[in-house]
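Since the structure comes first, as C-alpha cells, the remarks are kept for the end.
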Amino acid sequence: MKKVRKAIIPAAGYGTRFLPATKAIPKEMLPIINKPTLQYIVEEAVAAGIEDIIIVTGKQKRAIEDHFDKNFELEYELNKKEKFNLLEKVKQPSELANIHYVRQKEMAGLGDAILTAKSFIGDEPFVVLLGDDIVVNELGDPATKQLVDQYEKTNSSVIGVQTVADNATHRYGIIDPASQDDRLYEVTRFVEKPAPGTAPSNLAILGRYLLTPGIFKHLEKKYVGAGGEIQLTDAIQMLNEEEKVYAYDFKGNRYDVGETDGFIKTTIDFALKSELRDDILAYMKEKIDENEK
Ligand code: UTP
C-alpha cells in the first residue's frame, strides 16, 4: 500500500460571498483571530503526516506565496528588537511543509481545480482539504489524520462526511449509504447538491477527502454537473462504480468559514478558546444587556 504523502488545497475560487474583501486577496487568507484560514488547513495536513502540499491558486496568489515564504527583512527587524515570540510566529508558516503552487486557469469548479494538480500527484493516494472548512478535534486526531487511518485499513478512497440539517442538504455533496460499520460507510451513490427534499441522507461531504489516483481519469472527462461546474463529487461517484469509495463520519467540530455568518461565529469560538476569552465574554455581556434594554 502506498503511503499518503501529498495534499491538494484548492484556493482558486472567487469567494463571491466575501466580496469586496476577496477582490484582491483570496478568502483562504482571511484571518481567524491572527492566523489566515489557510494556515490552519496546512497545519492539519502536516499533522496527518503530509510532506508535500500543492495549493491551487487563482489570480491573487501573491498573498498566499508570501505568507508561506520567508520574510528576511521582517525577521531581521524582529530579531534586532529581540521580539523573539513574534519572530517565531513569522517564521513558522515557512517551516511547516514543502509548499508548491499551480494556477487554475478558469474557475470551472472544484473538480477542475483538483485536475490542475494531477501531474504533481502522479500515481499516489492523496488528500484534499478545502480552505473553507476548519475542523477542530480537541480530544483526538485531526480530521485528515482520521481519513489517513481509514485508508490504511481499507486501501481505498475515504470521503469525510458529517450530518447536516435537513434544510442544508441541497448545499453539499450527499451520500446514499449502503452499509455502516461504526463511523465507516459503504456508499451506493454520491450526489452533488440534491434538490431540497430529495437528499438520500443527511450525511454531507464536508471538505476533507482521501482519494486514490484513479479519480483523475474521471475528472478528465470534464463532466459538467450542478451549477454548471466540474464537480469533484460526480467524479467520486464514477470512481465508486469501479472501485470501492468509503465515507467516514469524522470526529471534530467543523467551522464553515466560507460564508460571513460562519466566519463570524468561528472567530467568536476561537476567541473564546484563547487568552481573549474574558475580555470578549465581558464585551458580549455588555452588548446583550444593551440589547435587552
Ligand atoms: P466554494 O464554492 O466554497 O468557493 O469552493 P468559491 O467559489 O470561492 O465561493 P463563493 O461561493 O464564490 O463564495 C470550495 C473550495 O474550492 C475552491 C475554493 O477556493 C474553495 O476553497 N475552488 C472552487 C477552486 O479552487 N476552484 C474552483 O473553480 C472552485
Side-chain angles (χ1 to χ4, degrees), residues 7-32 36-45 53-65 67-68 99-118 120-121 126-135 143-144 159-162 164 168-174 190 192-194 204-209 211 215-216 219-236 254-264 266:
I8 304 177
I9 303 180
Y14 287 123
T16 48
R17 288 165 289 177
F18 267 101
L19 284 169
T22 45
K23 188 178 165 195
I25 55 162
K27 72 173 165 189
E28 292 78 7
M29 284 303 290
L30 298 175
I32 302 296
T37 304
L38 195 50
Q39 189 176 333
Y40 292 97
I41 311 289
V42 168
E43 286 171 355
E44 181 186 322
I53 298 173
I54 190 156
I55 301 179
V56 182
T57 61
K59 290 213 167 10
Q60 331 94 343
K61 73 172 187 171
R62 181 79 203 271
I64 298 180
E65 283 193 349
H67 184 74
F68 291 102
I99 303 190
H100 314 255
Y101 302 91
V102 63
R103 200 145 163 163
Q104 188 184 9
K105 291 194 186 72
E106 215 187 316
M107 302 317 135
L110 178 59
D112 181 65
I114 303 306
L115 183 58
T116 310
K118 177 180 179 242
F120 169 81
I121 297 296
F126 62 99
V127 287
V128 175
L129 300 91
L130 298 194
D132 285 47
D133 293 306
I134 296 181
V135 184
T144 301
I159 314 300
V161 296
Q162 280 193 340
V164 298
T169 50
H170 66 283
R171 295 168 43 207
Y172 299 99
I174 301 288
F190 293 83
E192 181 63 24
K193 298 191 176 66
I205 302 173
L206 294 181
R208 298 293 182 271
Y209 309 72
L211 293 164
I215 194 71
F216 288 113
L219 288 171
E220 275 165 345
K221 295 175 194 162
K222 300 202 173 206
Y223 172 78
V224 176
E229 295 190 345
I230 300 168
Q231 298 287 356
L232 180 56
T233 307
D234 294 332
I236 290 172
R254 174 243 176 191
Y255 295 94
D256 183 1
V257 293
E259 52 190 19
T260 45
D261 70 331
F263 182 83
I264 292 165
T266 308

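Read the numbers this way: they start at 1 and go in the same order the structure lists the ligands and their atoms. We number each residue from 1, following the sequence as shown. Quick note: numbers below take in every heavy atom, side chains included, and nothing from hydrogens, waters or symmetry partners.
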What is the nearest protein non-hydrogen atom to [atom], stated with its residue, atom name and distance?
atom	value
atom 8 (O) of ligand 1	G15 N, 2.7 Å
atom 22 (N) of ligand 1	G13 N, 3.7 Å
atom 28 (O) of ligand 1	G109 N, 2.9 Å
atom 11 (O) of ligand 1	R17 NE, 3.1 Å
atom 16 (O) of ligand 1	L110 CD1, 3.7 Å
atom 10 (P) of ligand 1	T16 OG1, 3.3 Å
atom 14 (C) of ligand 1	D132 OD1, 3.8 Å

Test your reading of the model: is there a side-chain donor-acceptor pair from Y209 to the backbone of L232, 3.5 Å cut-off?
no

Measure from the side-chain N and O atoms of E44 to the backbone N and O of T144, and report whether any donor-acceptor pair falls under 3.5 Å.
yes

Considering only heavy atoms, does [X] approach ligand 1 within less than 4.0 Å through its side chain, its backbone, both, or neither?
X	value
A113	side chain
E28	side chain
A108	backbone
K27	side chain

Provide the number and element of each atom of ligand 1 under 4.0 Å from a heavy atom of [X].
X	result
G131	21 (O)
Q104	24 (C), 25 (O), 26 (N), 27 (C), 28 (O)
Y14	8 (O)
M107	28 (O)

Within 6.0 angstrom of R103 CZ, more than 12 heavy atoms from elsewhere
yes

Under the side-chain contact (heavy atoms from CB on, under 4.5 Å) rule, what do D256 and R171 come out as? Steps first, then yes or no, please.
CA-CA 12 Å; D256 183 1; R171 295 168 43 207; 3.5 Å; yes

Looking at F126 versus F120, is the centre-to-centre ring distance below 6.0 Å?
no

Under 4.0 Å from atom 25 (O) of ligand 1, is there any protein heavy atom?
yes

Hey, are the side chains of H67 and L38 touching, using non-hydrogen atoms and a 4.5 Å cut-off?
no

So do the side chains of V128 and R208 get within less than 4.5 Å of each other, counting heavy atoms only?
no

Would you check, one step at a time, whether the test side-chain contact (heavy atoms from CB on, under 4.5 Å) holds for I159 with L211?
CA-CA 8 Å; I159 314 300; L211 293 164; 3.8 Å; yes

Value for OG1 (T22) from CG (L30), rounded to nearest 0.5 Å, stands at 7.0 Å

Hey, is ligand 1 close enough to A12 that some N/O pair sits below 3.5 Å?
yes

Examine F18 against ligand 1 and note whether any of their N/O atoms are separated by less than 3.5 Å.
no

Residues Q104, T116; criterion side chain to side chain donor-acceptor pair (under 3.5 Å); working and verdict
CA-CA 6 Å; Q104 188 184 9; T116 310; 5.0 Å; no

Electrostatic pair K193:E229 at N-O distance under 4.0 angstrom:
no

